[in-house]
Protein chains: 2
Amino acid sequence: MGPGPINADPRVLRAMSAQLLGQYDPAMTSYMNETMELYRSVFRTTNEQTLLVDGTSRAGIEAALVSLIEPGDRVLVPIFGRFGHLLREIAERCGAEVYVIEVAWGQVFSPEAIEAAIKRVQPKLLAVVHGDTSTTMAQPLDELGAICAAHGVLFYTDVTASLAGNAFEADAWGLDAVTAGLQKCLAGPSGSAPATFSAKAVEVITARKSIEAGIREAGDAVTAHPIRSNYFDLAMIFDYWGPKRLNHHTEATTMLFGARECARILVEEGMDQAIERHRLHGAAMLAGVQGLGLAVFGDVAHKMNNVVAVYIPDGVNGDAVRAELLTDFGIEIGTSFGPLHGKVWRIGTMGYNARKDTVLTTLAALEAVLRRAGASVTAGGGVTAAYDVYADEERAEHERAAAVRP
Amino acid sequence: MGPGPINADPRVLRAMSAQLLGQYDPAMTSYMNETMELYRSVFRTTNEQTLLVDGTSRAGIEAALVSLIEPGDRVLVPIFGRFGHLLREIAERCGAEVYVIEVAWGQVFSPEAIEAAIKRVQPKLLAVVHGDTSTTMAQPLDELGAICAAHGVLFYTDVTASLAGNAFEADAWGLDAVTAGLQKCLAGPSGSAPATFSAKAVEVITARKSIEAGIREAGDAVTAHPIRSNYFDLAMIFDYWGPKRLNHHTEATTMLFGARECARILVEEGMDQAIERHRLHGAAMLAGVQGLGLAVFGDVAHKMNNVVAVYIPDGVNGDAVRAELLTDFGIEIGTSFGPLHGKVWRIGTMGYNARKDTVLTTLAALEAVLRRAGASVTAGGGVTAAYDVYADEERAEHERAAAVRP
């Protein structure tokens, strides 16, 4: 029940125990095509270039940035947590001139603040995290696409922590590049990074295509600014996933089976239903920790559905409580980074773990462990408050059902 | 039965269906430590820095090269097949001044030729493929370490195609950096790159360590030549796998479970026994294709144990034969690249597929399909020749057993 990685859905684990297929076996390439189509639904996009980068979510970020950014390009990174620092760091390594704006951890940016910075910096690319687990905040993105389009700026976001647990619309929100991971609300393991790229992003990337020296022919264009990485060269990766089937890496077959199953589960459930499930169980966990008497960190109005940060009560050893939860109850909750280190725990309700039983069990166990640690907790307050959220929900559902009866 | 990826060992697939663990769960970090120790046995090294890069074998190559090479460094790449071109390509993207020497496909280099080039080029790094599946050749490496040491050159090799199927000794042969993959003789899926680095390589890499801007403190050294990639920054990855447990990527848990099981299987079997198994079944397949009357490509004395390239008989449509083998017999064999495209098939005997039943079945099926394609084949010649190799081996084993009896 940490901020991820979390337990995988057993269906995903079963899919990953399937025997391998050859790289160009028609069954394998059809699975690749299916996976592209499934992730179009997950990202809510019609982008042709919707595929997997073979590595962890950080690999997806680096593939997007190194393929879009040429050395010297200006990049604007609004930072509201640890993963904003990571975007800055990766963009710097790509040779970008990086400009940042920052808010205190626990806050997000207004669209006006981001537009003002865009006017000042005139970047080629806006790179912003959607949901930053380090602070639990979700940056509103729905107005940023129009702002980027008005100023001719490419718009990239990392949705590793937020996708499938919070509303996200790649096309409607005007995204040019989006990367994710499986290990949060997608209920899979780390190691594959679903990603999608708009036609505009594809144009920028393919203009930098370079053909390997070994197979370059006289007359082939040689780009002035080749992508600095071979492994993360999206121009080549597009051709690997596309009808050309250019031989690049050997697709990580088992991770593809896993990523495909993650998306199949979500598409079967329905993206709206999956997000609603995360909203419900996140609300129950939030009410529960508050019901125990714990204080919640940050601007709750902008909190992601799938994670909550709670202050460690005074006098309580945060690491000892976490160790006891893990050892005695088999429940993991998260520590935190940077300015929040030692101050808050982070508790997730995501993917396969966004369930009523996991929420109630975690709240009961947390109460027990906190009491043993000498903290003052409201007896039964966590579980009761969570039950109340579920009861309200059931009542509302009955009313909705009654309202649609003829 | 292609040149890889091949079928995974069912034990590996079962290991990959295990439920996930938290990133810093003591069970998880103990698995990471176990995996390091297991791969020391596989690579035959005492290198502390023996770990997994989270990506395909190509990710391992890029991590090694981008972490070792600073822009402007001279790198010597002896090219004897497609994957030599890949090393050149990746080294160029790292900003290296790359010098190449080449031999015709199907040949390997003498140590003298490589030493002469080292004297001429005076590179910082020699980067050479061990076994190149594109030609089936294995470049002898055993004398190159001493040559590199004498000239102060770092020595890197890619053993993706050869490891565990052919003799390899990281320490005894003087390697500074070695990267591999799971999808060949290790009997696992693509997606994790085991790698090992000598103390000398670690010194070069850690001298380039840069601390993320977000957590850099006054007084921290700032390197003049930071590693150009964050994801492949081995200095950070060493700290992630080491006692510091620096938070870098989220380890690809399922791939780690798979990589660990691949090494456990090999260590249980014994590395010498695993290599001998590949030698035996490779010899049976070689004799078998020759027994069918097919001609073998390249310098057979330097062929890898685990793959053979055979000329497509005149008048036979190579792709049609491959498709029939796959569709009607469920057996995949490989096509080929570059100068060999359309001329040879590549047939593997590696990992879980290095077995008597797979060799005999493939030869029987190949004979059937070739006959239907109108090729002239020796009836029963493939299976008989392979059986003869196994019979000779059994006789030799009996004699060895008899000789050690008191």
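Numbers restart at 1 for each chain; the letters A, B, ... are given by sequence-line order, proteins then strands. Predicted, not measured: the structure shown is a model, and the values here were computed from it.
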So CG of A/Leu182 and OG1 of B/Thr253: to nearest 0.5 Å the spacing works out to 10.5 Å
The interface call for A/Ala323 against chain B, heavy-atom contacts under 4.5 Å, is neither
Exercise. Decide yes or no for A/Leu86 and B/Asn230: does some side-chain heavy atom of the first lie under 4.5 Å from some side-chain heavy atom of the second?
Key: yes
Looking only at A/Ile90, A/Asn7, A/Asp25, the option with the highest number of non-hydrogen pairs under 4.5 Å against chain B is A/Asn7
Bottom line for B/Glu62: the part with an atom under 4.5 Å from chain A's heavy atoms is side chain
Interatomic distance, CZ@B/Arg228 vs CZ@A/Arg228, rounded to 0.5 Å, equals 3.5 Å
Q.
For B/Arg93 and A/Ser210: C-alpha separation, side-chain torsions, deciding distance, then whether side-chain hydrogen bond (donor to acceptor under 3.5 Å, both in side chains) applies.
A. CA-CA 10 Å; B/Arg93 298 221 192 187; A/Ser210 55; 3.2 Å; yes
Residue from B/Ile61, B/Val53, B/Val100, B/Asp233 scoring the most non-hydrogen pairs under 4.5 Å with chain A is B/Asp233
Are A/Pro26 and B/Leu326 close enough that some pair of their side-chain heavy atoms sits under 4.5 Å apart? yes
Under 4.5 Å to a heavy atom of chain A? For B/Ile6 that would be backbone
So, the part of B/Ala15 with a heavy atom under 4.5 Å from chain A: the answer is neither
Heavy atoms, side chains only, cut-off 4.5 Å: are B/Thr254 and A/Val12 in contact? no
Whatever's closer than 4.5 Å to a heavy atom in chain B on A/Glu332 counts as side chain
Smallest heavy-atom separation, B/Pro5 atom then A/Leu21 atom, equals CG-O, 4.2 Å
*A/Tyr231 and B/Thr56: side chain to side chain contact (heavy atoms under 4.5 Å, CB included), yes or no, with the steps?*
CA-CA 9 Å; A/Tyr231 191 69; B/Thr56 72; 3.2 Å; yes
- prompt: Would A/Arg58 and B/Asp54 satisfy salt bridge (Lys or Arg N to Asp or Glu O under 4.0 Å), going step by step from the backbone distance to the final call?
  reply: CA-CA 10 Å; A/Arg58 186 178 285 237; B/Asp54 281 6; over 6 Å; no
Note: vs chain A, highest number of non-hydrogen pairs under 4.5 angstrom among B/Ala8, B/Gly2, B/Gly22 is B/Ala8
One option among A/Gln183, A/Arg14, A/His249 has the most heavy-atom pairs under 4.5 Å with chain B, and it is A/His249
Closest non-hydrogen contact found for B/Ser17 with A/Ser17 is CB-CB, 3.7 Å
Neighbour count >12 (heavy atoms, 6.0 Å) for atom CZ, B/Phe329: yes
Looking only at B/Ala59, B/Gly4, B/Gly55, B/Gly191, the option with the highest number of non-hydrogen pairs under 4.5 Å against chain A is B/Ala59
Cut-off 4.5 Å, heavy atoms of chain B, and the answer for A/Gln23 is both
